There are 2 protein chains.
Amino acid sequence: MKEEKLLLSSQICFPIYSVSRLLTKAYKPHLEELGITYPQYLVLMVLWENDKVSVNQITEKLLLNTNTMSPLLKRMEKMDLVNRTRSKEDERIVIVALTDKGRELKTKALPIPDRLFDEIVTDEIEIDDMLKLKDTLCELISVLTVKNEASVPSE
Amino acid sequence: MKEEKLLLSSQICFPIYSVSRLLTKAYKPHLEELGITYPQYLVLMVLWENDKVSVNQITEKLLLNTNTMSPLLKRMEKMDLVNRTRSKEDERIVIVALTDKGRELKTKALPIPDRLFDEIVTDEIEIDDMLKLKDTLCELISVLTVKNEASVPSE
DNA sequence: TATATTTGCATCGTGCACGATATAAGCGTG
DNA sequence: CACGCTTATATCGTGCACGATGCAAATATA
């Protein structure tokens, strides 16, 4: 029954892919209050931890490439969340720094993860996508657990 | 230490988001041999399991919306992987069916998941992204395990 | 049988992702 | 200094994702 391997449910990748999208969707209403998208939220988190970092440092933290970051940062600059200035020591490097507006968003962003986690765990919100998210998350956990037991990295 | 909550590492969402992208990237070279993308691969898997289904049935399986599926299916039709015909019983419904070419891809696609899993588990491939993937996957598993223990759904 | 509502799909606009490529600054070596 | 090589960022093209909107076919309701 080699066929089984091609079922969607038997693959690690599909549930991860779905949960990722559904989680981003779950974040959306909260982030919309701040007027930002999920990737922009990630960039802000990097800067809230450590302000004034190079584009490269951000891409390393987020595992994204500059061809994604450059336009993203440009949009964020246009929104007055960050500003970008060339380093004087090395003209190749662009330093990304929070504006006051970008810094202030941190307070509003703080409660989001907890609020979201509560929404998922408790059954307060019975929205369609939230149910799918819970189901898919449980599926992912079980698949990962099996896969993980089958192949603990030899450290 | 409420601050901690905003660290990237302490959130469920970021590792899932990263693993999802890195896994898709890991699939890429294998799928490129078939000339398809990851979402196209997902559509084909649905059709390999069950040919001649409506657009709606595909979106339900993949948890995607028609505004993503419609152009995706159009591209796949242009690539001669599927064809789209309006149902005669209900003119609103579009039936998606595999072409011979689409059906034949199944054989080539069968070994991909196993090959990929081996690549990740064993250290045969020490590509940069693959290492990130392993790290992030392990992180994800540990985060999910903690979160899961803290909140097993009451069934 | 008219009208309203629902359903299934498509289109549009925007924002990622990412491979390929470009470009300019810095660096290394002769 | 000239040369090539590396590094940091940007640009371009393509393909998702997805909210908002549109539209026609089917169905429900008056």
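This one's a predicted model, so the numbers in the text were calculated from it and none came from an experiment. To find a chain, count down the sequence lines: A is the first, B the second, and so on, and within it residues start at 1. Computation of the quantities below employed the complete heavy-atom set of this structure, encompassing side-chain atoms and omitting hydrogens, waters and symmetry-equivalent molecules.
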Please confirm whether the backbone N or O of [Y] pairs with a side-chain atom of [X], one donor and one acceptor, at under 3.5 Å?
| X | Y | result |
| --- | --- | --- |
| T99(B) | G102(B) | yes |
| S70(A) | N67(A) | no |
| R86(A) | R92(A) | yes |
| R21(B) | L63(A) | yes |
| S20(B) | I16(B) | no |

Selected nucleotide, minimal atom distance to K25(B) side chain, candidates dC18(C), dC16(C), dA25(D):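 So the nucleotide nearest the side chain must be dC18(C).
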
Touch class at under 4.0 angstrom, heavy-atom based, for T68(B) against every strand present: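 If one applies the 4.0 Å heavy-atom cut-off, T68(B) turns out to touch a base.
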
Touch class at under 4.0 angstrom, heavy-atom based, for E32(A) against every strand present: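 The answer is nothing, as E32(A) stays clear of every strand by at least 4.0 Å.
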
Contact letters for nucleotides 3-10 of chain C, in which S counts primed atoms plus P, OP1 and OP2 and B counts the base, heavy atoms under 4.0 Å: ----BSBB

Could you tell me how far apart [X] ([atom1]) and [N] ([atom2]) are, to the nearest whole angstrom?
| X | N | atom1 | atom2 | answer |
| --- | --- | --- | --- | --- |
| Y41(A) | dC16(C) | OH | C1' | 18 Å |
| I58(A) | dA8(D) | CD1 | P | 14 Å |
| L44(A) | dC16(C) | CG | C1' | 16 Å |
| K88(A) | dG26(C) | NZ | P | 14 Å |
| E91(A) | dT23(C) | CD | P | 19 Å |
| R75(A) | dG13(C) | CZ | P | 17 Å |
| L64(B) | dG15(D) | CG | C1' | 13 Å |
| N65(B) | dC12(C) | CG | P | 18 Å |

Under-4.0 Å side-chain N/O to phosphate OP1/OP2 contact, Y17(A) with dC16(D):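 For Y17(A), the contact criterion (side-chain N or O under 4.0 Å from OP1 or OP2 of dC16(D)) is not met.
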
Pairwise distance NZ(K108(A)) to CD1(I36(A)) - rounded to 0.5 angstrom: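 It is 10.5 Å, given to the nearest 0.5 Å.
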
Gap between atom OG1 of T24(A) and atom OH of Y17(B) - 0.5 Å precision: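 Between atom OH of Y17(B) and atom OG1 of T24(A) there are 8.0 Å.
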
